[in-house]
Amino acid sequence: METQSLTASIQDLQKNVVETLQEAGKLMGRASDLFTIESEKKKYIRFQNEINEALPSIKNFELRVVIVAPTSAGKSTLVNAMIGRELLPSRTPDMTAYPTEIVFKAELTEPVLTISEDTLSLFNRAIEQLQITIDILGLDDTLKKIADYPLLKSLAEKVKERELIFLPQITGYEEIKKALTEINDFVRLCRKLVPGINQIWSQIKDLPRIETPFIKDEKINIKKRIGDLVIIDTPGPNSRENNTGETQEDIRKELIKKQVNQSSVVLVLLDYTVFNTEVDNQIRSEIKEILEVIGEDNLYILVNKIDQRKPDDLITPEQLKESIIASFNLNSSSNKNNKIFEVSGRRAFCATNFIQEIKQDSPKEKSEIQISELKTAELLAAEVFGMDWKDELDHSTIGKLEKKAGKLWEKSKFSEFLENTINVLLVKSAPLSLKSVLKRTENRLKDLKNDLISWKSGLDKDFNQIQGEIKFVEDEKLIIETYEKVLEDKLNQQLNYLNDYLDYVLKNWVMILHQILESKKLSEEPFKKLKFKLEFEINSSQELLSKVENQLIVVEKLID
């Protein structure tokens, strides 16, 4: 009953928030028409687009979490550990070249990859351009151009033979893994061979989207969940193709910026093995910019590959946290410490992948399973037995391997991350998604209100300045007229000629001053109209801001 009541409250609030966002979007559109400075116009067009792009996530109760990390920090392994199965492809050379959405769906039994019709159309256009380029270059010259990335060779040959086809929907772990590898290598190949290909990528609005079941863990509270958690995997800054093109790094940053603007939470994955190196520092500088958009409360930080911490490492886990808090300028309260985790994605994946296979994927009873039948046994054995893993595996049992997997899971520290991050985000995905977009809209409305007040203040100042100038001219006119009379009285007889001449000059000057005064008075009416319009928009933004603040109060209560 309580869950039904909560669902009804959330859905009522969702409807109100959607209406508020639509109203705010229209207000931003009016602001872009109202402002005359080009930079201001573009800013409010961008704000309007951000609000409109957030609407689908709110309507679907999707909490979007973007992962930002250097290449080879273990993003794919981390996400695979969350799923409990190998789904995202990973390899030693950088894998991710284009963002992908991963949606956790508890009710699914196998994953589904969907590529929208519009995205497929753009992919097909890119394939045609790639085919033309390879035909002009010839296969030999094409292979020379991609010699630094030999893994692209087979794909280039496939494109030349017109065999590369992307399907709108693919089901199954292995099939999706293969498709994602082709998509990322296809994007990489296009960037290396086709000039201007980024004009096509910039038109893509929908990312490849995977809906998948996730890890079965007692820390994950599926029943209390309202809404979906969407993870966005992004390319890292030191990915090789980002350093070969004219502005590839800028393009990657724009991709991430766009995803951050559409997301509620950012998960930063740091690599323990390159901590405080140039690559690590590059990510840190990016995150400082991202924090300005999402706010500190929506940031989680994972330090991956702690399995590679050596016994003689001087930095303790607590010191590592303190270093991260200082380098990101985070609030050092205990609350913020609870958003920084050390994990080993590899250990977690090896453990959960094995446990998943023997408990859920094998059609046989555990006692009947042969180790040789298990796809995950060798990977687990290599992780837990070290250099003698083959010999150890030959003498091992399912029970022994299961115990080893359990210990490996504990050592991965992944359970703490699941409980304090993924579970929290899953259970509160609906109110958190509403809160995130309301906070962002609140900030945009405050920006608009402040800009309008500033403009109105400047307008008042300009108008007052003109009024002051008019008063000055009028005072000067009176002084001149007074001097004219004095001169006329004193020099009436003696300076008749001079007086006539001065009278002529002064009358002309007075006429000019009158003309100036009249022209100044004519400008008063447009000022009044513009001031009225600005005051109307300030009142509109304040009313909407109050509505957003009230809705935020309701959301906070739901979250608590």
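Heavy atoms only: backbone and side chains are in, while hydrogens, waters and symmetry mates are out.
Using modelled atom types, one finds no donor on one side chain facing an acceptor on the other under 3.5 Å when comparing S76 with S90.
Listed by chain and residue number, nothing satisfies the salt bridge (charged side-chain N to carboxylate O under 4.0 Å, His left out) test with D118 (two or more places apart in sequence, or in another chain). Residues satisfying the side chain to side chain contact (heavy atoms under 4.5 Å, CB included) criterion with E117, sequence neighbours excluded, are absent altogether.
Closest of all the heavy-atom pairs between P111 and I210 is CB-CG2, 4.2 Å. The shortest heavy-atom contact between K75 and T234 is CE-O, 2.8 Å.
Side-chain atoms of S429 come within 3.5 Å of backbone atoms of L426 as a donor-acceptor pair (strictly under, hydrogens ignored). Side-chain atoms of D228 do not come within 3.5 Å of backbone N or O of E62 as any donor-acceptor pair.
Both the sub-6.0 Å distance and the 45° axial angle are satisfied by K339 relative to the ring of Y300.
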Stepwise side chain to side chain contact (heavy atoms under 4.5 Å, CB included) check, V268 with L299: CA-CA 7 Å; V268 180; L299 178 73; 3.4 Å; yes
Derivation of the side chain to side chain contact (heavy atoms under 4.5 Å, CB included) call for L267 and F417: CA-CA 11 Å; L267 180 61; F417 161 65; 4.3 Å; yes
T100 and L207: CA distance, side-chain angles, deciding distance, side chain to side chain contact (heavy atoms under 4.5 Å, CB included) verdict: CA-CA 6 Å; T100 306; L207 299 179; over 6 Å; no
Worked check of side chain to side chain contact (heavy atoms under 4.5 Å, CB included) between L155 and R188: CA-CA 11 Å; L155 186 65; R188 185 173 285 110; over 6 Å; no
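Separating the OH atom in Y44 from the CG atom in L27 is a distance of 9.0 Å, to the nearest 0.5 Å.
Between F123 and F186, the angle of the ring planes goes over 60°, which puts this pair in the perpendicular group of the 30/60° scheme.
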